[in-house]
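To keep things clear, I will list the structure first and then write my remarks on it.
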Protein chains: 2
Amino acid sequence: MLKKERHAFIIKQINLHNKVLSADLATALNVSEDTIRRDLMELDDSRQIVKVHGGALSKSFHYPFQHTDIYAVDAKKAIARKAIGLIKSGMMVLTGGGTTVLEMMQALPQNLAVTIFTISPLVALQLADHPLVTVILIGGEFSKDSQVCVGSQVVNYLHEIKFDICFLGTNGISIADGVTDSDLNIVHLKKAMINASHRLVVMCISEKLNSVQRMNVCPLSKVDYLITDLDPDSAVLDDYREKGIQLY
Amino acid sequence: MLKKERHAFIIKQINLHNKVLSADLATALNVSEDTIRRDLMELDDSRQIVKVHGGALSKSFHYPFQHTDIYAVDAKKAIARKAIGLIKSGMMVLTGGGTTVLEMMQALPQNLAVTIFTISPLVALQLADHPLVTVILIGGEFSKDSQVCVGSQVVNYLHEIKFDICFLGTNGISIADGVTDSDLNIVHLKKAMINASHRLVVMCISEKLNSVQRMNVCPLSKVDYLITDLDPDSAVLDDYREKGIQLY
DNA sequence: TATTACTATGCGGTTTTATGCAGGATTTAC
DNA sequence: GTAAATCCTGCATAAAACCGCATAGTAATA
């Protein structure tokens, strides 16, 4: 077995599985681990793979997300575009926090005159230079984790007003468990927001579809619209369509 | 499972959900929590995530503060340093908006445990990564000009609480007219803030000293402390000293 | 063909890395 | 204020990597 052959084999394995272990290669190729290690070194030196302790990884595997500031921006922008279509002039809109909502506010047309209530300081700041929008920031204890206002103050406030439409990003949505989240405060909050709104729009990037978090926010029956980055006719969404949710 | 694989998995999870819990990762990846903790440490060290007690948070979720457009930064930093000396652990602090206050919050010692009420979303966000501070954001209509919450909602709220100390930046202060400002909403607000606080700290860069704005906020007799970037013994401040204001 | 020079490989011993575990200290939650 | 969760520190262990060296192969050349 020539060195070149081993190298070819290793590259093939990595392309196949995205990773290899030194020990596996040693037995598979019937050479010592030192040899494998030296092979991996060379392939790393020639930038064909990335050597790590214990084996090697495919180059594309090496931190695929580092370059985008916000993850899945494009998907979120797509969702934002669709979501904006649901807003009509004169509406009272309620929004949560989250990057998807932020994208949405950034893309809000300049000629839309609405009142936006939000629990997210970031959303408020984002709308600061929008000429026609009135922004009401709902105050309360500021959660360092989720960067929104939470707590009973917010919940009480929400009891007193009725909104036309509520936009929520979500961390988990599935057929079986509906909308779920992982933070107790946020769950309380979202429940109150949902109850305070005439219609509910849930926004979810396709990667998060059918994922379940620890705590229950609301059943799917409460969701009026589900917006994803997918084609609304996609088969992936069939189950949601059958539940009577409007897809965008 | 190679370490890098775990790292990639963790980063993906964080990008998806904006946060992860160590315990969840440990079960998901079938390693001990110690290992996860060490992983999170490393990812934090390399600035890819933000480690917090119990897990980690997405970094991209932090608001990009741009301090480029702040006027007279050095003077404001000097003021901020002095102002912080007035805050003691356990206090209920009320703050306005403004760049001086922001500088102050940025310089707040990590070991200070206080509750900070603010009308400024920027202040809240600035304090997001401060471990011991509880932040209460006072909600209301968001003023696009001044980037703080204004309106009757805020004023009403302020009627109900009494604070130990209130920090205000100002656009005008003079012997004859006291503290003045140019925006009606802000004047209402500041009056309410002053009334709600046991002591009042006014912060003013020397350039704005002895300038007068259109509307009256409060007489000098209400001002307990005046903090400028000047030497407190400076002759420029003599008139204020004679009014019984504590200078810093 | 014998000599030489160079590369590739394996082996033993040492060092480093990765991980888990035990305990005590801290922090958080109720 | 107490209980539970989380963290930190030090330690133990096994795996992996490293280092030097011996040896085997390989190739070029006299």
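Since we're looking at a predicted model, the values are computed, not measured. Residue numbers begin at 1 in each chain, while the letters A, B, ... track the order of the sequences.
Following rounding to the nearest Å, A:Lys4 (NZ) and D:dT26 (C1') show an atom-to-atom distance of 16 Å. We find that CG of B:Leu2 is positioned 14 Å from C1' of C:dT19, with the value rounded to whole Å. Distance B:Glu42 CD to C:dT19 P: 9 Å, rounded to the nearest Å. Distance B:Leu21 CG to D:dT6 P: 8 Å, rounded to the nearest Å. Rounded to a whole Å, the CG atom of A:Asp145 is 15 Å from the C1' atom of D:dT6. Distance, A:Asp39 CG to C:dA8 P: 10 Å, rounded to whole Å. Between the C1' atom of C:dA22 and the CD atom of B:Glu33 lies a distance of 15 Å, rounded to the nearest Å. One can place CG of B:Leu40 at 16 Å from C1' of C:dA18, the figure rounded to the nearest angstrom.
Here the side chain of B:His53 is nearest to one of C:dA18, C:dT27, C:dG10, namely C:dT27. Of the candidates C:dT19, C:dC21, D:dC19, the closest approach to any side-chain atom of B:Asp34 belongs to C:dC21. Minimum atom distance to the side chain of A:Lys51 is reached by D:dA17, of the listed C:dA8, D:dC8, D:dA17. Distances were taken from every side-chain heavy atom of A:Lys3 (C-beta onward) to each of C:dT9, D:dA16, D:dT9; the shortest belongs to C:dT9. The side chain of A:Arg37 sits closest to D:dA17 out of D:dA17, C:dT9, D:dT6.
A salt bridge between B:Lys3 and B:Glu42 is present, with a side-chain N of the basic residue lying under 4.0 Å from a carboxylate O of the acidic one.
Note on the helix from C:dT1-D:dA30 to C:dC30-D:dG1: terminal axis deviation equals 40°, with five pairs used at each end and the result rounded to 10°.
Between B:Pro121 and A:Pro121, the closest heavy-atom pair is CB-CB, 3.5 Å.
Residue whose closest nucleotide on DNA chain C sits further toward the 5' end, between A:Thr35 and B:Arg6: A:Thr35.
The phosphate of D:dC18 has neither OP1 nor OP2 within less than 4.0 Å of any side-chain N or O from A:Arg38. At the phosphate of D:dA17, OP1 or OP2 sits under 4.0 Å from a side-chain N or O atom of A:Ser22.
A side chain to side chain contact (heavy atoms under 4.5 Å, CB included) with A:Leu25 is found for one member of A:Asp39, A:Val31, A:Thr35, A:Leu40 and no other, namely A:Leu40.
For the residue pair A:Thr99 / A:Lys76, a side-chain donor-acceptor distance below 3.5 Å is found, with atom types taken as modelled.
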Between A:Asn210 and A:Ser174, does the side chain to side chain donor-acceptor pair (under 3.5 Å) criterion hold? Intermediate values first, please. CA-CA 4 Å; A:Asn210 301 319; A:Ser174 71; over 6 Å; no
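Using a 4.5 Å heavy-atom cutoff, the side chains of A:Tyr240 and A:Val223 are not in contact. Two residues are said to be in side-chain contact when any heavy atoms from C-beta on lie closer than 4.5 Å; A:Ile119 and A:Met193 meet this criterion.
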